[in-house]
Amino acid sequence: MTEQKKPDVPPFAERSYCGELGESNAGKSVHLFGWVHTVRDLGGIIFIHLRDVTGTVQVVVDAASPQALKEAASSLKSEFVVHALGPVRKRAPEAVNPSHPTGTIEVLAESIEVLNDSLVPPFPIDSPEQPGEETRLKYRYLDLRRDDMQEAILKRHTCVQTMRRYLNNHRFFEIETPTLNKSTPEGARDFLVPSRINRGRFYALPQSPQLFKQILMISGFDRYYQIVKCFRDEDLRHDRQPEFTQVDLEFSFVTPDIIMREVEGLLADVVRDIRGIDVPCPFPRLTYDQCMERFGTDAPDTRFNLELRRLDDIFANTGFNLFKSALAVGGTVKGIAVPDNGTFSRKTVDQLADEIRRFGAKGLATVRFTGDAFDGGITKFLGDGEKAGLVHRFGLSGPMMLFLMADAAAVVNDSLSYLRLKIARQQGLIDEDALNFLWVTDFPLFEYDPETGSYGAVHHPFTAPTPGCLETLDHLTPENVATVKAQAYDVVLNGSEIGGGSIRIHTTGIQSRIFSILGISDEEANEKFSFLLEALRFGAPPHGGIALGLDRVMMLLLKRHSIRDVIAFPKTQKGQCLMSDAPSHVSDHQLAELSIKTVK
RNA sequence: GGGGUGUUAGCUCAGUUUGGUUAGAGUACCUGCCUGUCACGCAGGGGGUCGCGAGUUCGAGUCUCGUACACCCCGCCA
């Protein structure tokens with residue numbers, strides 16, 4: 001409507017950013033390009049909050065403005081893309097908004113040009129309230145405009161920049177590995193990609209660049225890293241997507257200790273840049289066996305206590321039949337003691353007992369310690385020696401509620417570790433600002449499957465045993481298998497595994513022995529890993545590495561509840577992208593080219 | 001493969017226990033008013049396949065069965 005002469009192309013090169021304006025810019029005329037965040041039309045005066053990637057700033061069209069400008073301003077709607085031009089000015093003291101980063105200034109509009117209009121957005125961009133997951137994923141481009149998503153994506157950028165800087169400074173080389181690779185039946189299910197040129201053959205997307213990074217060590221690039229997508233076709237969880245990002249590291253001439261120190265330095269830098277706090281290094285370390293004993297899990301949350309205590313000895317001669325029979329068949333008795341804050345009614349305890357049935361738990365015994373005596377629950381089954389044992393084992397002094405279980409070790413550990421976390425949350429024992437890193441070391445090398453009578457690799461088949469366990473390999477039994485430890489380590493943050501790695505086998509002799517224990521024949525090994533096995537014969541250096549889950553690290557550092565909230569374009573639990581509608585059907589022509597027929 | 005929660009206006013949610021008049025609220029949207037707002041305010045207005053499909057019933061948002069989708073969990077994830 002205005003007759004002002006405008007250049008064909010707005011002066012993008014002279015752009016200023018909304019969120020970077022401050023009192024030091026007062027008097028300067030600025031060109032702003034951004035989205036209309038809010039419009040407040042008071043009649044004679046109109047306030048517009050304009051938003052770009054740096055934040056928002058108030059643009060004001062005051063009563064003295066030309067009528068055309070006032071009309072243009074009052075016709076603005078949410079999410080219109082505009083070019084605003086005008087001088088920055090300090091606000092009057094009574095007009096300052098201290099809760100806003102740019103609240104001390106505003107831009108007095110001299111012109112406002114609509115570069116593009118917008119439909120009414122399906123949900124508000126300016127509200128901290130999140131729409132439903134489905135709506136957010138369908139309109140992901142709008143969801144990503146919201147403040148918390150902008151923060152997540154930008155901090156993720158900061159995180160990878162920090163990591164690259166650290167790794168570059170520590171003599172790591174960033175090297176790419178193939179995405180189209182060979183399928184290996186071990187581990188997770190592969191995503192397959194049909195080959196057009198090679199009819200009937202398939203590539204697999206990498207579950208991790210494991211073999212290639214080992215090959216790079218053999219090639220002499222003695223420190224490698226890659227921030228890389230990995231793919232696993234398994235069911236999704238809040239912390240598992242079919243494609244996810246690993247920070248993948250591999251070192252030559254290395255001990256677990258060297259790797260752990262480097263990862264500690266890397267994560268400490270990231271935490272400093274993302275959260276602005278210093279993480280104490282080195283991180284605490286626990287062995288796998290210690291973890292299972294004290295927490296019932298290999299990824300314990302150490303932000304609170306409520307540790308598990310083994311009670312087998314106390315109940316060795318118990319008259320309580322449930323415990324007696326569990327111990328008789330090789331089970332274990334463990335328990336946790338929780339401050340009794342009066343919330344443990346019969347109903348809440350029954351509810352907890354019900355929740356652990358998913359782990360196979362058949363029951364949950366409780367007993368209350370009042371401060372000087374036991375009361376309720378299984379009190380009547382407890383002898384004096386057992387009572388004294390419990391007081392001593394748990395260090396009971398004040399009122400406590402004891403949760404006791406007798407069952408197979410796995411059931412007891414799964415159930416009690418779940419209860420430990422659940423009760424800690426209920427009682428508010430967890431400091432949500434804390435970042436408790438932990439190394440878990442000395443994992444078992446193998447796991448025994450009684451159903452098939454075979455051994456499997458806990459980490460992967462290239463993991464080196466600890467030197468002291470080599471002899472046991474020659475007479476391995478289901479009884480002593482747990483004593484064979486791997487040079488493998490996980491890094492845990494607040495009860496979530498955020499990374500894991502190992503020292504690799506670098507000689508063919510040991511590798512063959514491991515394959516044979518795993519029931520992998522020479523032919524099979526050659527068919528699957530021949531290039532690695534052959535490469536090991538050409539002067540493979542001692543090497544090892546680790547991979548960190550970038551999505552999980554970001555989720556935890558930003559206190560989000562799902563890795564979906566730190567991934568720009570995540571998939572739903574059924575593996576679909578609600579925005580692009582992947583996966584989709586393809587044409588018969590495409591299938592024919594690939595020599596593929598689908599079955600109903 | 002299994003268990004659980006949810007699905008009502010564009011969005012966030014009440015209403016479902018105990019079936020019963022025309023299904024509500026906040027917000028967003030539209031119209032008008034408003035000269036310092038920043039969750040602007042005031043007045044008015046439009047907006048519903050109660051996820052979908054069957055069934056029970058005189059009558060279903062509400063009860064039953066099936067089903068779709070989203071989320072959480074078990075299995076799975078070297």
Side-chain angles (χ1 to χ4, degrees), chain A residues 37-49 56-65 70 74 77-79 91-103 106 108 119-139 142-143 146 184-190 207-208 210-211 230-242 244 354-361 414-415 418 422 443 445-447 455-463 486 488 497 500-502 514 518 520 528 547 549 561-562 564 570-576 578:
Chain A
H37 198 55
T38 58
V39 183
R40 284 181 297 278
D41 183 350
L42 273 60
I45 185 167
I46 302 163
F47 298 101
I48 301 142
H49 273 208
T56 64
V57 71
Q58 176 163 284
V59 175
V60 58
V61 175
D62 71 11
S65 300
K70 284 199 265 190
S74 67
K77 303 292 176 192
S78 286
E79 301 308 307
R91 296 195 197 180
E94 65 276 13
V96 164
N97 183 352
S99 63
H100 197 285
T102 61
E106 63 193 2
L108 178 62
L119 297 176
V120 175
F123 51 82
I125 309 300
D126 61 324
S127 163
E129 191 173 86
Q130 287 190 347
E133 194 84 20
E134 239 174 313
T135 312
R136 293 177 62 199
L137 292 177
K138 181 177 177 187
Y139 298 98
L142 298 180
D143 189 41
R146 295 185 316 102
T184 55
E186 262 82 32
R189 212 173 277 115
D190 280 325
Q207 296 176 27
S208 81
Q210 180 61 35
L211 296 180
C230 300
F231 305 86
R232 293 178 190 176
D233 188 7
E234 297 293 345
D235 287 358
L236 279 60
R237 288 284 190 279
H238 76 105
D239 59 354
R240 278 161 41 187
Q241 284 271 305
F244 60 100
D354 192 51
E355 286 180 54
I356 57 175
R357 284 155 77 125
R358 76 179 85 156
F359 305 110
D414 286 351
S415 302
Y418 172 83
K422 172 98 182 183
F443 277 79
L445 186 61
F446 304 111
E447 57 195 347
Y455 299 98
V458 169
H459 189 55
H460 58 53
F462 319 108
T463 303
E497 178 199 329
S502 64
I514 299 294
L518 293 174
I520 300 174
K528 290 172 185 165
H561 296 115
S562 164
R564 290 189 302 276
K571 295 186 170 51
T572 68
Q573 195 157 50
K574 282 193 70 190
Q576 300 189 335
L578 296 183

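Every value quoted in this text rests on a predicted model; they were computed, and no experiment measured them. Labels below follow one simple rule: chain letters A, B, ... track the order of the sequence lines, proteins then strands, and each chain is numbered from 1.
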What does [X] touch in the nucleic acid at a heavy-atom separation under 4.0 angstrom: a base, only the sugar-phosphate, or nothing?
X: A:S74; answer: nothing
X: A:A95; answer: base
X: A:A63; answer: base
X: A:V60; answer: nothing

Rounded distance (Å) that lies between atom [atom2] of [N] and atom [atom1] of [X]:
X: A:I46; N: B:rG41; atom1: CD1; atom2: C1'; value: 16 Å
X: A:R40; N: B:rU27; atom1: CZ; atom2: P; value: 16 Å
X: A:F359; N: B:rG3; atom1: CZ; atom2: C1'; value: 12 Å
X: A:R136; N: B:rC71; atom1: CZ; atom2: C1'; value: 12 Å
X: A:E106; N: B:rU35; atom1: CD; atom2: C1'; value: 13 Å

- Thinking salt bridges, do A:R189 and A:D233 make one under a 4.0 Å N-O criterion?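 Looking at A:R189 and A:D233, the cut-off is not met.
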When you compare the protein's N or O atoms with those of nucleotides 12-16 of chain B, which come within less than 3.5 Å of each other, and at what distance?
{"residue": "B:rU12", "atom": "OP1", "partner": "A:G132", "partner atom": "N", "Å": "2.3"}
{"residue": "B:rU12", "atom": "O4'", "partner": "A:E129", "partner atom": "OE1", "Å": "3.4"}

- Query: When you compare B:rG41 with B:rG51, how far apart are their C1' atoms, in angstrom units rounded to a whole number?
  - Reply: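 My reading of the C1' atoms in B:rG41 and B:rG51 gives 38 Å.
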Between the protein and nucleotides 4-10 of chain B, which nitrogen or oxygen pairs come in under 3.5 angstrom?
{"residue": "B:rG10", "atom": "O2'", "partner": "A:P122", "partner atom": "O", "Å": "2.8"}

- Message: Given B:rA28, B:rC72, B:rU37, identify the nucleotide with an atom nearest to the side chain of A:V120.
- Response: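 Nearest nucleotide to the side chain: B:rA28.
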